[in-house]
Amino acid sequence: MSTGQNLMELLVRQQETEALQVLHWHGTFQDYLEVVSQNPKVARTAFQRIYDMILSYGYESFVENRHEIIHYNFFDDPFEDGRDAVFGLDRALMELVQFFKAAAHGYGAERRVLLLHGPVGASKSTIVRLLKKGLEAYAQTDEGAMYTFSWQIDGEIFPCPMHEEPLHLAPIPLRDDILAQLNQDVEPPLSIEGTLCPACRYYHNELMDQYGGDWAKMIEHVQVRRLLLSEKDRVGIGTFQPKDEKNQDSTELTGDINYRKIAEYGSESDPRAFNFDGEFNIANRGLVEFIEVLKLDVAFLYDLLGASQEHKIKPKKFSQTDIDEVIIGHTNEPEYRKLQSNEYMEAL
């Protein structure tokens, strides 16, 4: 047997492992209900997920100037042997984790933009990079498993463009009963907030009309799958960096019309003729980073405020769309002081 054949067999055996099969799990909506009933935490919010992710790596406490300080091992960068480890900021990182804890429990922090500011070299970008790497790794573990769904219609598969939580398919009047069963031993408690994105709402309504309002038949067209977050694939992790004023366009955050598909579907307001690929869209269920956030054009700030305070975005030609993601930005000290002195920016 040649060396090439040996290498090929090695690669095939590696790809046939049970762990990889678990990561590419597919099932029906009923299969997912079995999964979520056994492990309700698969339906956590983005803030709850990040908080649990940080705690999963453990922590140590020590006393500094008569104050207890907690060192979280997550910020030692266990993913690349300390390449992005953060040193000397334990107090600030402890406050950061407390922010995530408050947001995870729904105390109001989840409706704010998290802004990291400080001098050059203060590890602002490094902290965000660690959170991104952590989310990617955590989503591949059993503890961090998360799921989304696709529509199977006439032999074609249409993935949810915003990889939503499958429980969004549950009728709103029944959600309280579902949560009552799921939250028996879960802390902080889970919630099912928001409705389907415009694209999924279109398929949902079309199928409900086709089956005369029979929800059970409609849900047979839903295929649930494991969701793996990836910054490079733009799944659950987004990054936005302001450009010069002439090239800034708010559709980069909320998506834009696909003009080539208008001729096929006949209307700009048909969700099938819209690309839900803005940074807010693709970062749903995860995290979106704003580099030099205070250099954003004013038009972007309206989207940013709505996304943080209401957890909604407004794609062109569509109603407000629910999102669930952590919005984190970073900037330098001069820009931050400029923000503080601008009374017109009080809302932000």
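For reference, positions follow the sequence shown, starting with 1. Fair warning: this is a prediction, and the values are worked out from it, not measured in the lab.
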Exercise. Around atom CZ of Arg112, are there more than 12 heavy atoms of other residues, nucleotides or ligands at under 6.0 Å?
Worked result: no
Exercise. Does the Glu333 side chain pair with the main chain of Gly118, one donor and one acceptor, at a distance under 3.5 Å?
Worked result: yes
Exercise. Given side chains that start at C-beta, do those of Arg234 and Glu279 come closer than 4.5 Å, heavy atoms only?
Worked result: yes
Exercise. Do Leu89 and Ile50 share a hydrophobic cluster, counting only Ile, Leu, Val, Met, Phe, Trp and Tyr and linking them when any side-chain heavy atoms are less than 4.5 Å apart?
Worked result: yes
Exercise. Between Phe290 and Leu253, is any pair of side-chain heavy atoms under 4.5 Å apart?
Worked result: yes
For this session: Taking all heavy atoms of Gln48 and all of Ala104, pick out the closest pair and write down the distance.
Result: NE2-O, 3.2 Å
Exercise. Within a reach of under 6.0 Å around CG of Asp142, are more than 12 heavy atoms found that belong to other residues, nucleotides or ligands?
Worked result: no
Exercise. Do Glu289 and His330 have a side chain donor and acceptor closer than 3.5 Å?
Worked result: yes
For this session: With the side chain counted from C-beta on, respond yes when Ile127 and Leu96 share a heavy-atom pair under 4.5 Å apart, and no when they do not.
Result: yes
Exercise. Going by the salt bridge (charged side-chain N to carboxylate O under 4.0 Å, His left out) test, which pairs reach into residues 263-274, not counting sequence neighbours?
Worked result: Glu268-Lys317, Asp270-Arg272
For this session: Return the minimal non-hydrogen interatomic distance between Leu130 and Asp84, and the atom names on each side.
Result: CD1-O, 3.4 Å
For this session: Check Arg49 against Arg285 and note the closest heavy-atom contact, atom names and distance.
Result: NH2-NH2, 4.4 Å
Problem set entry | Inter-residue atom distance Leu190.CG - Asn183.CG, 0.5 Å rounding | 4.5 Å
Exercise. Counting only heavy atoms not in Arg83, do more than 12 sit closer than 6.0 Å to its CZ atom?
Worked result: no
Exercise. Would His163 and Tyr147 count as having a side-chain donor-acceptor pair, cut-off 3.5 Å?
Worked result: no
For this session: State which residue, out of Ile313, Asp277, Thr321, fulfils the side chain to side chain contact (heavy atoms under 4.5 Å, CB included) condition with Thr254.
Result: Ile313
Problem set entry | Backbone N/O of Glu164 and side chain of Thr148: donor-acceptor pair under 3.5 Å | yes
Exercise. Below 4.0 angstrom, N of the basic side chain to O of the carboxylate: do Glu143 and Lys41 qualify?
Worked result: no
For this session: State the CD1-CD distance between Ile237 and Glu325, to the nearest 0.5 angstrom.
Result: 11.5 Å
For this session: Would you please indicate yes or no on a ring centroid separation below 6.0 angstrom for Tyr259 and Tyr265?
Result: no
Problem set entry | Shared hydrophobic cluster for Val224 and Leu207 (ILVMFWY, side-chain gaps under 4.5 Å) | yes
Exercise. Quick one: are the ring centres of Phe74 and Tyr57 less than 6.0 Å apart?
Worked result: yes
For this session: Nearest 0.5 Å please: distance from the CZ atom of Arg201 over to the CE atom of Met208.
Result: 11.0 Å
Problem set entry | Distance, nearest 0.5 Å, that separates CZ of Arg44 from CG of Asp52 | 4.5 Å
Problem set entry | For His221, the option from Phe149, Trp151, Tyr211 that meets ring pair (Phe, Tyr, Trp, His ring centres under 6.0 Å) | Tyr211
Exercise. What about Phe276 and Phe318, are their ring centers closer than 6.0 Å?
Worked result: yes
Exercise. For Ala170 and Ile178, which heavy atoms make the closest approach, and how far apart are they?
Worked result: CB-CD1, 3.7 Å
Exercise. Hey, what do you get for CZ (Arg226) to CE (Met146), rounding to the nearest 0.5 Å?
Worked result: 9.5 Å
For this session: Measure from the side-chain N and O atoms of His168 to the backbone N and O of Glu193, and report whether any donor-acceptor pair falls under 3.5 Å.
Result: yes
For this session: Answer yes or no: are there more than 12 heavy-atom neighbours, outside Gln30 itself, under 6.0 Å from its atom CD?
Result: no
For this session: For His71 and Phe62, work out which heavy atoms get closest and say how close.
Result: CB-CE2, 4.1 Å
For this session: Look at the side-chain heavy atoms of Ile, Leu, Val, Met, Phe, Trp and Tyr, link any pair under 4.5 Å apart, and say whether Val86 and Ile54 land in one connected group.
Result: yes
Exercise. Are the side chains of Ser61 and Glu68 in touch, meaning some heavy atoms are under 4.5 Å apart?
Worked result: yes
Problem set entry | Plane angle bin for Tyr32 and Phe29 - parallel if under 30°, tilted between 30 and 60°, otherwise perpendicular | tilted
Exercise. Is the number of heavy atoms from other residues, nucleotides or ligands within 6.0 Å of NZ (Lys101) greater than 12?
Worked result: no
Problem set entry | ILVMFWY cluster, Leu228 and Val35 together (side-chain gap under 4.5 Å) | no
Seminar exercise, completed: Here the pair of heavy atoms bringing Leu167 nearest to Ile192 is O-CG2, 3.8 Å
Problem set entry | Linked, directly or transitively: Ile219 and Leu174 (ILVMFWY side chains, under 4.5 Å) | no
Exercise. Is the closest side-chain donor-acceptor distance between Ser150 and Arg225 under 3.5 Å?
Worked result: yes
Problem set entry | Donor on one side chain, acceptor on other, Asp31 and His26, under 3.5 Å | no
Exercise. Do Thr195 and Asp322 have side-chain N/O donor and acceptor atoms under 3.5 Å apart?
Worked result: yes
Exercise. Less than 4.5 Å apart, any side-chain heavy atom of Lys338 and any of Glu335?
Worked result: yes
Problem set entry | Side-chain H-bond candidate by donor/acceptor type, Glu231 with Thr239, under 3.5 Å | yes
For this session: Look at the aromatic rings of Phe100 and Phe47 and report parallel, tilted or perpendicular, splitting at 30° and 60°.
Result: tilted
Exercise. Can you check whether Tyr203 and Phe158 have ring centres sitting under 6.0 Å from each other?
Worked result: yes
For this session: State whether Asp303 and Lys314 are salt-bridged, where the test is any N-O pair (Lys NZ or Arg NE/NH1/NH2 against Asp/Glu carboxylate O) under 4.0 Å.
Result: no
Problem set entry | Point-to-point distance, once rounded to the nearest 0.5 Å, from CG of Leu135 to CG of Leu229 | 6.0 Å
